[in-house]
2 protein chains.
Amino acid sequence: MTQIPVKKPSRIQTRNRRLILDAALEVFSTDGYGGATLDAIAKGAGLSKPNLLYYFDGKTEIYVTLLSQLLETWLDPLIELNPEGDPVEELLGYVRNKLDMALELPSESKLFAGEILQGAPRITDHLKHELKPLFDSKCRVIQDWIDAGRLAPVDPVHLIFSIWATTQHYADFGAQISVLLDDQDPAARAAKHLEQMFRSLLEPVNH
Amino acid sequence: MTQIPVKKPSRIQTRNRRLILDAALEVFSTDGYGGATLDAIAKGAGLSKPNLLYYFDGKTEIYVTLLSQLLETWLDPLIELNPEGDPVEELLGYVRNKLDMALELPSESKLFAGEILQGAPRITDHLKHELKPLFDSKCRVIQDWIDAGRLAPVDPVHLIFSIWATTQHYADFGAQISVLLDDQDPAARAAKHLEQMFRSLLEPVNH
DNA sequence: TCGTCCATTGACCAATTGGTAAAAATTTTA
DNA sequence: TAAAATTTTTACCAATTGGTCAATGGACGA
């Protein structure tokens, strides 16, 4: 029996890996992969650089660990899209959830966006094997809703793209929004606008 | 008289600065500011590194030059939004223009997105003094249309954000889209979807 | 054609980078 | 508590980075 030795991590390991990943998230999301340095991450985590490398095999491993953990969290709201629920409310709920995530976890959104922006060189596999199947399945759910006449005839694929784009925009382009809105908090009006927009798109005409 | 010597650039200067900026666009947009190297840009431009630095004062200057030139091109379609035209058609035309730009000039879009993502540390002033006034002015135009009953009552600010987000998404998240659509070209269906979405949002109910 | 200015190069540099090795300190286990 | 295992540090390194400088090569007008 080839038993893979999966020792449970010590308290110190759990704590330090957490410290490192937290620090790394900030550094990677504000400086990008290329601009981030192990020194900056080490400093942020309150550890020495060689100590960092005791817990992770290198810069890339920290980065990829972060991204794949992130992808899971990020996919959750999409998973929860319930085929049995009311189509319009399910989708508006999804919009709401994604917007809340973007507003509450902007660094995570930026980290992901930065990786995709650069061609997703380090997570293409994750996208293919985790995101894609879920995406296809949820597109089918939406198409079924449309076929049942419970949703206006939209393009499921591009509907999802539009939801992702508009919600994540509030995290990824936060710096631009800050300038344009003189640092006012966009949250409330953004939520209202997105609900209005997607409702007018999705509500079936014959009611 | 403090006369600034604005010699017109020689043919060689024009050519080489162009070569450098073209190469820099590719390098910066795929590697990010931090990940980009002068060596890579020099190689891409077919020049030696010291030769690069003969034309530009340093990495940052190349980058900022690129970004500010870019911002102008990028703002053009918004400028063309005509207060005298038909509101819905003007806005849908803007969507169309922005989508076409994103599809045709993805590197430019990515470069800009990358800078904003990192907090816009090098172009905040440009945003404040060029983008913001234009943005405010066009928001007023949209509000006037609404007040005149020629457009559904939307939030002008967030309408523009949604247009930017959805169109640029096809450039900035192209890598993700490629995976999800198995490399099919999204252009046609994206255009159709965006028109449907924004039309259903913008068309005034009383016709 | 000559001299002046522009363009280009090779050699170089200090600082920073990701990463290593081995010893020292600390925690856990028996 | 002593040995074993884990964690941390100190000292270090080779490669890469953005950038300089003096010397050389070319373009071009007088």
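Sequence lines set the chain letters: A, B, ... in the order given, protein chains first and strands last, and positions in each chain run from 1. Everything numeric here is computed off the predicted structure, so don't read it as measured data.
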For [N], does OP1 or OP2 lie under 4.0 Å from any side-chain N or O of [X]?
X	N	result
B:R11	D:dC28	yes
B:Q13	C:dA7	yes
A:Y55	D:dT8	yes
A:S48	D:dT9	yes
B:N51	C:dG10	no
B:Y54	C:dT8	no

| message | So, using side chain to side chain contact (heavy atoms under 4.5 Å, CB included) as the criterion, who are the partners of A:A191 when residues are at least two apart? | response |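 Scan of A:A191 (side chain to side chain contact (heavy atoms under 4.5 Å, CB included), adjacent residues dropped) gives A:R96, A:L99.
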Exam field: side chain [X] to backbone [Y], donor-acceptor pair closer than 3.5 Å:
X	Y	value
B:H129	B:D125	yes
B:R17	B:Y55	yes
A:E115	A:R122	yes

| message | Students often get this wrong, so: under 4.0 angstrom with heavy atoms, is A:F56 touching a base, only sugar-phosphate, or nothing? | response |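 Answer is nothing: A:F56 stays at 4.0 Å or more from every strand.
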| request: Using a 4.0 Å heavy-atom cut-off across all strands, classify B:A36 as base, sugar-phosphate, or nothing. | output: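 It contacts sugar-phosphate atoms only.
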| task | Could you pick out which residue, B:K59 or A:I12, lies toward the 5' side of DNA chain D when each is mapped onto its nearest nucleotide? | result | A:I12
| said: What I want to check is whether an N or O donor and acceptor connect the side chain of A:K49 with the base of C:dG18 at under 3.5 Å. | reply: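 Answer is yes: a donor-acceptor pair is held.
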| query | Which one, C:dA11, C:dT17, D:dG19, comes nearest to the side chain of B:L38? | reply |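 When the side chain of B:L38 is considered, D:dG19 is the closest of C:dA11, C:dT17, D:dG19.
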